Protein chains: 2
Amino acid sequence: MHLPLYQVKAEFFRMLGHPVRIRVLELLQGGPLPVRDLLADIGIEPSSLSQQLAVLKRSGIVVSTRESGNVLYALAGADVSDLLRSARRILTVLLTDREAVLEQLRRADDPADDLPLPLPRNIPDPPADPEALLDPDAGSDADLHGAAHFPR
Amino acid sequence: MHLPLYQVKAEFFRMLGHPVRIRVLELLQGGPLPVRDLLADIGIEPSSLSQQLAVLKRSGIVVSTRESGNVLYALAGADVSDLLRSARRILTVLLTDREAVLEQLRRADDPADDLPLPLPRNIPDPPADPEALLDPDAGSDADLHGAAHFPR
DNA sequence: AGTGCAGTTGCAGAATTCTTCAATTCCCGA
DNA sequence: TCGGGAATTGAAGAATTCTGCAACTGCACT
C-alpha cells in the first residue's frame, strides 16, 4: 500500500484547520482533560464538541479513555507542541507584516480598503510584543464562530 | 483590532490543507521557482495551480515577482521548513501506529475492515525507515486528485 | 430494573471550498 | 502596434465540511 503523500499531509493540516480543534489541542497540551472541562472552557454545545473530538480522534492525534463516568481526552503523545509552536512563529511574522501594512495604509490616506497584498519580509519595527499576540492562552473565550479571514 | 485567535490559527492550517499547496511549499523550499516549473512538476492545469498559488499568496506565506516574462514564486521567508518538519514528525508517528495496527489486523484473521481506531503511543518496532515515508520528495507524481483519507 | 447525566451519533440544511472552462490581463519580441 | 505565450481572474456546479437538533448508548447510582 503506497501512500499518496501530499494527500496525507494536506489532510493532516486540514484536520487542524478548525478553531475548536485547535483550541482543544492547546488545552490538552497541559495534560489530559475530561470532556466536561473542555466543554466548560470552549463553551459550545456538547454535540459540536463531540463532532470535533471525533475528527481529532479519527486522525489519531488524540486518544480517549473512560474514567469512572467521564471521558478523558489526551494528546496521542506526538509532539503537537512543536508543531503549534512552529505555526505560531510563522503566524507571528505573517501577521506582523500585515499589521505593518495596515498601519502604513492608515498613515497614508485611505485608497480603497481593497488593497493588493502585503509585501512580506522585512519587519520595519516589531510592534510591542509580537509573540504574545499568538500565545496559546490569549483570547480564550473569543467567539469561536464568527468569520475572521485573511484579507481577500 | 483584536484578533479572534483560534480562527486565525485554524485558517492558517486550513490554508495548508490542500495537496497542491503543500507540494508547492515543499518545492519552494529549494528556492524560488517560476510558475512554469511548478506547473511542470505538479502536472495540473495552469488555472488550477494559479488558484492555489493565489491562496498561498493571500495568506502571505509566499510572494511572487515578475521576472522577464515569467512569474517567480518564493517562500515569504518565514520558517516554513520547520513547520513542515514538525508536521512530518507527527505524521510519521501517526502513520507508524496505523501501520502497526494494520499489520496486526493482517496477522489475525480479517474481522470486518471497519475497525474502531488505532491506540497510539508505543511504537512496537519502527518499520524500516519511518522518516523516509514522508520525505519531501518521495512520491513526486502520485495522483494529486484521488481521495486518500484517514480511516473513517 | 429504573433514572439521569455524560457523551456520542445521525442527519438535514447552510456555508465553504474545489475544479474547470472561458475570458482577460500583462509583457516581451517581431 | 500586433501576435502570443504566461498567468491570473471570474463564475458555475460539484463536492466537502459545519452546525445544531433530536434520538440514542453507556454507566453509575439507587
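Convention: sequence-line order gives letters A, B, ...; per-chain numbering from 1. Every value quoted in this text rests on a predicted model; they were computed, and no experiment measured them.
- At D:dT19, one or more side-chain N or O atoms of A:Gln52 fall inside 4.0 Å of OP1 or OP2 (strictly under the cut-off).
- Atom pair B:Glu45:CD and D:dG10:C1' shows a separation of 14 Å (rounding to whole Å applied).
- None of B:Leu33, B:Val35, B:Leu39 except one satisfies the side-chain contact (heavy atoms from CB on, under 4.5 Å) rule with B:Asp37; the exception is B:Leu33.
- Just one of B:Val20, B:Leu49, B:Ile44 meets the side-chain contact (heavy atoms from CB on, under 4.5 Å) condition when paired with B:Leu38; it is B:Leu49.
- No donor-acceptor contact under 3.5 Å links the side chain of B:Ser48 to the base of C:dC18.
- Between the P atom of C:dC18 and the CG atom of B:Leu56 lies a distance of 11 Å, rounded to the nearest Å.
- Of the candidates B:Leu94, B:Leu95, B:Ile22, B:Leu95 is the only one forming a side-chain contact (heavy atoms from CB on, under 4.5 Å) with A:Val8.
- Exactly one residue among A:Asn70, A:Leu72, A:Val71 makes a side-chain contact (heavy atoms from CB on, under 4.5 Å) with A:Arg36. That residue is A:Asn70.
- Residue A:Tyr73 has no polar side-chain atom (N or O) positioned under 4.0 Å from OP1 or OP2 of C:dA6.
- Residue A:Arg14 places none of its side-chain N or O atoms closer than 4.0 Å to OP1 or OP2 of D:dC18.
- Mapped onto DNA chain D by nearest heavy atom, B:Asp37 and A:Gln51 fall at different nucleotides, with B:Asp37 at the one closer to the 5' end.
- For the pair B:Arg21 and C:dC18, the criterion of a side-chain N or O lying under 4.0 Å from OP1 or OP2 is met.
- With D:dT8, C:dT19, D:dA6 as the candidates, the nucleotide lying closest to the side chain of B:Leu53 is D:dT8.
- At a cut-off of 3.5 angstrom, counting only N and O atoms as typed in the model, there is a donor on one side and an acceptor on the other between the side-chain of B:Ser47 and the base of C:dC21.
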